[in-house]
Amino acid sequence: MKRKWSFLTAVLLSLVLILAACGGGNEGNSNNGGSEGSGEEGSNLELTEDGKYRYVVSGEFPPFSTVDENGDLSGYDVAVGKAIAEKIGLEPEVEKFKFSGMVSAIKSGRYDAAVASHTITEERKKAVNFSEPYYYSGPVLYVQPGSDIKSVEDLAGKDVAVSKGSTYEKSAQEYTDKISNYDSDQTALRALSEGKHDAVITDDITGKQAIEEGFKVEKVEQLGTSEQAVAIKQENKNLLEAVNKAIMELKEDGTLKQLSEEYIGVDITQNPDNE
């Protein structure tokens with residue numbers, strides 16, 4: 001009798017172990033599938049954290065990115081990053097980061113991407129890859145009202161303030177050797193408004209926003225057109241492909257235009273050179 005019970009006990013114990021193993025395997029498969037995103041586009045991506053699209057914005061570049069009254073990041077760049085993540089099937093996670101250090105942070109793999117109004121340049125392309133443009137902009141010269149500066153030709157010997165690490169810094173270097181660097185375009189414009197510098201070169205929309213907020217600055221001259229895109233680590237080709245596909249879909253379904261009009265007030269998603 002004891003032998004019979006021992007045999008039954010062993011069989012039951014074996015069944016329990018087999019069922020437990022099956023349950024553990026299913027749980028593992030479920031987690032693995034979720035970590036790659038909820039859709040087909042979220043698979044095979046080399047992400048810094050499974051299932052998440054971790055991207056950075058300046059947080060000091062209104063109306064593209066700023067910190068609202070609740071302490072949350074808001075703006076066009078922030079919204080575009082979230083829309084891209086949702087298209088891919090990932091959970092968006094945005095962080096504030098100094099603009100001048102973003103390219104290095106992406107190159108080192110600290111974040112998945114920077115959705116931070118980066119202008120595509122040959123120099124930056126040596127360090128990171130860029131997506132298709134998600135909007136178009138260009139450098140603009142701003143001065144204080146009443147300034148004797150009427151064009152970039154008048155900048156020789158003048159003190160021009162710019163955001164550190166931006167393409168606007170390089171634009172200013174073409175006209176003067178007196179450059180003052182700030183952590184953001186907004187602080188550069190505020191300093192100009194306070195009479196600390198002769199001029200600022202920055203984005204047209206950012207300058208307009210500053211004027212609406214009461215900054216004593218005015219637009220002098222548009223210096224060109226540029227393409228703004230998402231910066232991604234060069235080795236992460238699959239993520240670049242997924243982001244490009246997402247941007248194209250967001251353009252086609254009107255989402256990018258809608259977000260642009262919501263945060264900027266105009267549609268900046270169309271290349272003006274094609275119009």
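When every heavy atom of A172 is checked against every heavy atom of V160, the shortest pair comes out as CB-CG1, 3.9 Å. Pairing each heavy atom of A231 with each of F130, the nearest pair is CB-CE2, 3.8 Å. A pairwise comparison of heavy atoms in D68 and N70 identifies OD1-N, 2.9 Å as the closest pair. Closest approach of A199 to L155, counting heavy atoms only: CB-CD2, 4.0 Å. When every heavy atom of L259 is checked against every heavy atom of A83, the shortest pair comes out as CD1-CB, 4.4 Å. Closest heavy-atom contact between N236 and E46: ND2-O, 2.7 Å.
The backbone N or O of L256 sits nowhere less than 3.5 Å from a side-chain atom of S260 that would complete a donor-acceptor pair. Y142 places a side-chain N or O within donor-acceptor distance of the main-chain N or O of D204, the cut-off being under 3.5 Å. When atom types are taken as modelled, the side chain of R54 and the backbone of L47 share no donor-acceptor pair closer than 3.5 angstrom. Under a 3.5 Å cut-off, the side chain of K196 and the backbone N or O of S193 do not form any donor-acceptor pair. The closest donor-acceptor contact from the side chain of Q173 to the backbone of Y168 lies at 3.5 Å or more, if one exists at all.
With rounding to the nearest 0.5 angstrom, the CG atom of D50 is 12.0 Å from the CD atom of E91. With rounding to the nearest 0.5 Å, the separation of CD in E213 from CD in Q186 is 5.5 Å. Note: L141 CG to E153 CD = 10.5 Å, rounded to the nearest 0.5 Å. Atom CD of E261 and atom OG1 of T269 lie 8.0 Å apart (nearest 0.5 Å).
In this structure, a donor-acceptor pair under 3.5 Å is absent between the side chains of Y135 and D267. With hydrogens and angles left out, the side-chain atoms of Q228 and S117 include no donor and acceptor closer than 3.5 Å. For the residue pair S180 and D159, a side-chain donor N or O sits within less than 3.5 Å of a side-chain acceptor on the partner.
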Please determine whether side-chain contact (heavy atoms from CB on, under 4.5 Å) holds for the pair Y53 and V243, giving the CA-CA distance in whole Å, both sets of side-chain angles, and the decisive distance to 0.1 Å. CA-CA 10 Å; Y53 179 64; V243 168; 4.1 Å; yes
Please lay out, stage by stage, how K164 and E169 fare under the test salt bridge (charged side-chain N to carboxylate O under 4.0 Å, His left out). CA-CA 7 Å; K164 184 178 180 182; E169 182 177 3; over 6 Å; no
Hey, mind stepping through V94 and V57 against side-chain contact (heavy atoms from CB on, under 4.5 Å) and telling me if it holds? CA-CA 7 Å; V94 59; V57 298; 3.9 Å; yes
Test log, rule salt bridge (charged side-chain N to carboxylate O under 4.0 Å, His left out), inputs K158 and D154: CA-CA 8 Å; K158 301 294 186 180; D154 299 325; over 6 Å; no
I would like to know whether E60 and K98 meet salt bridge (charged side-chain N to carboxylate O under 4.0 Å, His left out); could you show each step before the answer? CA-CA 9 Å; E60 299 179 335; K98 284 193 179 298; 5.3 Å; no
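Proximity of D198 to V143: side-chain heavy atoms (C-beta onward) are nowhere separated by under 4.5 Å. Two residues are said to be in side-chain contact when any heavy atoms from C-beta on lie closer than 4.5 Å; D253 and K87 meet this criterion. Using a 4.5 Å heavy-atom threshold, the side chains of D77 and V80 count as separate.
Ring pair H118/Y134: centre-to-centre distance not below 6.0 Å. Y263 has its ring centre no less than 6.0 Å from the ring centre of F64. Close placement of the F97 and Y111 rings is indicated, their centers lying within 6.0 Å of each other.
Residues meeting the side chain to side chain donor-acceptor pair (under 3.5 Å) test with T121, sequence neighbours left out: none. In terms of the side chain to side chain donor-acceptor pair (under 3.5 Å) criterion, residue partners of S163 (sequence neighbours excluded) are, by chain and number, S166, D185.
Around the CD atom of E123, the shell of radius 6.0 Å holds no more than 12 heavy atoms that belong to other residues, nucleotides or ligands. Within 6.0 Å of the NZ atom in K251, the count of heavy atoms belonging to other residues, nucleotides or ligands exceeds 12.
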